[in-house]
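Here's the structure we're looking at; comments come further down.
Note that these values count all heavy atoms, side chains included, but never hydrogens, waters or copies made by symmetry. Here the structure is a predicted model, which is why all the values come from computation and not from measurement.
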Amino acid sequence: MSIKALARAKINLTLEVIGKRPDGYHEVEMVMQSIELHDYLEFSPTPGGITLTFEGEGLPAGEQNLVYRAAELLRSYGGIRQGASIHLKKYIPVAAGLAGGSADAAATLTALNKMWGAGLSLADLMKLGEQLGSDIPFCLLGGTALANGRGEKVKRLPACPSMGVVLVTPPFGLSTAHVYQSFEQVASINKPDHRGMICAIENNEGHTICSHLVNMLEPVASKLQPAIAAIKGKLLQAGAMGVLMSGSGPTVYGLTPDRDTAHAVADRYDRRDEQVLVTNILNPDL
Ligand code: ATP
């Protein structure tokens, strides 16, 4: 029996860089949020081995792909003899700060755990997933969450109110490693108020959520790629309530009260060579 799965992208509502750790990673704290934009995956059982086919640009093939690596990891951890043939349709912009690869890996772990009858709990899958990428535990959980450590320790938060989201992805990628390496902790950088953000979420206050959007990686990413600051200005001009760069960029998003307004903002947006997508905040049914 084959299984179909949707792999949801995420945005960061806050991102604080706390400091560099001895293992080379940065200690972070961030409020993360799933959005409706997704990749589509289909899994079918085979007698042995993993095969991956995909539709989409800029993706590594075979063993470099996070889908393949997640499948192999679960297979060896669970001592599974069966294999899987996997097909991925990519819609989430790649290397864009939207955790597309992590979302695909999380969807793969969840689907194959079911298809192979491996019997791992969500907590087991999260532990396994963090070996492949810091955002994978969040992608397994979904919804609204507070993450810390290198991003792999996640705690569910009350659901963020449903709002429209306009995603603007410029034509250049930004390497997560390069952005973090270029980050300098200086007193002038605005720090996010996570508690204030969580309060605004609990109280369903869209405007207060927008006034608490802060990403400490944004100044360094904008220095590397000044187009990021220009996109923020254009999104505000087009009528977004609040704007922020997601993760380590370069995607910038604008929040609106609902999806219809997001379409209107996207129509007004002065687009040059950027990709503009309309989506919305998404919370899973618990
Ligand atoms: P994050 O926000 O988690 O740092 P990102 O959104 O910036 O991630 P991804 O789209 O997850 O970036 O891609 C990061 C890198 O992972 C890409 O450079 C790509 O080569 C590699 N990768 C491997 N598998 C996948 C996949 N299935 N989808 C997207 N990227 C993949």
Side-chain angles (χ1 to χ4, degrees), residues 5-12 15 30 32-43 50-73 86-111 129-130 132-140 142 150-151 165-182 215 217-218 220-222 224-225 227-228 231 235 244-254 266 269 271-280 282:
L6 304 184
R8 308 278 184 195
K10 64 86 187 159
I11 54 174
N12 290 82
L15 192 160
M30 47 202 182
M32 301 173 87
Q33 176 62 52
S34 301
I35 54 176
E36 202 276 332
L37 175 70
H38 56 266
D39 291 340
Y40 177 84
L41 292 114
E42 201 162 336
F43 305 83
I50 307 293
T51 54
L52 171 66
T53 51
F54 57 77
E55 295 162 60
E57 308 268 297
L59 283 181
E63 292 171 20
Q64 293 302 311
N65 199 292
L66 282 162
V67 169
Y68 187 96
R69 294 175 62 200
E72 274 300 356
L73 184 65
I86 310 172
H87 187 68
L88 163 67
K89 282 189 192 169
K90 193 78 197 167
Y91 300 107
I92 304 171
V94 177
L98 300 171
S102 301
D104 293 345
T108 300
L109 290 173
T110 305
E130 73 176 62
L132 283 182
S134 309
D135 285 344
I136 297 177
F138 168 75
C139 292
L140 282 158
R150 54 186 171 85
V165 180
V166 183
L167 297 171
V168 180
T169 307
F172 50 83
L174 265 182
S175 133
T176 302
H178 185 47
V179 172
Y180 272 100
Q181 276 155 18
S182 314
N215 179 346
L217 291 176
E218 203 180 73
V220 57
S222 302
L224 293 169
Q225 290 287 359
I228 290 170
I231 291 171
L235 264 171
L244 195 70
M245 183 184 83
S246 184
S248 54
T251 300
V252 173
Y253 65 84
Y269 180 81
R271 174 183 181 166
R272 301 284 153 95
D273 48 5
E274 309 94 319
Q275 179 179 11
V276 180
L277 295 170
V278 171
T279 183
N280 53 269
L282 190 91

Shortest non-hydrogen separation from [X] to [Y] and the atoms involved:
X      : Y      : value
Leu41  : Ala7   : CD1-CB, 3.8 Å
Pro60  : Asn65  : O-ND2, 2.9 Å
Phe54  : Ala61  : CE2-CA, 3.8 Å
Ala105 : Ala70  : O-CB, 3.7 Å
Gly100 : Ile92  : CA-CG2, 3.9 Å
Ala106 : Leu140 : O-CD2, 3.5 Å

Flag the pair [X] / [Y] as yes when at least one side-chain heavy-atom distance between them is below 4.5 Å, and no otherwise.
X      : Y      : answer
Arg8   : Glu36  : yes
Leu167 : Ser246 : no
Thr53  : Ile86  : no
Val165 : Gln33  : no
Glu130 : Arg150 : yes
Val168 : Tyr269 : yes
Val67  : Thr108 : yes
Leu224 : Pro250 : no

Look up atom [atom1] in [X] and atom [atom2] in [Y], then write down how far apart they are to the nearest 0.5 Å.
X      : Y      : atom1 : atom2 : answer
Leu15  : Leu217 : CG    : CG    : 5.0 Å
Lys89  : Glu55  : NZ    : CD    : 5.0 Å
Leu244 : Leu235 : CG    : CG    : 11.0 Å
Thr251 : Ile11  : OG1   : CD1   : 10.5 Å
Leu59  : Asp39  : CG    : CG    : 8.0 Å
Leu6   : Leu37  : CG    : CG    : 11.0 Å

Donor-acceptor pair, side chain of [X] and main chain of [Y], under 3.5 angstrom:
X      : Y      : result
Asn12  : Met245 : no
Ser222 : Ile228 : no
Lys90  : Tyr40  : no
Glu274 : Arg272 : yes

Is there a side chain to side chain contact (heavy atoms under 4.5 Å, CB included) between Met32 and Asp135 once you walk through the steps? CA-CA 10 Å; Met32 301 173 87; Asp135 285 344; 3.7 Å; yes
Begin from the C-alpha positions of Leu109 and Ile136 and carry the test side chain to side chain contact (heavy atoms under 4.5 Å, CB included) through to its verdict. CA-CA 10 Å; Leu109 290 173; Ile136 297 177; 4.2 Å; yes
Which atom pairs, donor and acceptor, lie under 3.5 Å between side-chain atoms of residues 170-180 and protein residues at least two apart or in another chain?
{"from": "Ser175", "atom 1": "OG", "to": "Ala177", "atom 2": "N", "distance (Å)": "3.4"}
{"from": "Ser175", "atom 1": "OG", "to": "His178", "atom 2": "N", "distance (Å)": "3.0"}
{"from": "Thr176", "atom 1": "OG1", "to": "Ser248", "atom 2": "OG", "distance (Å)": "3.1"}

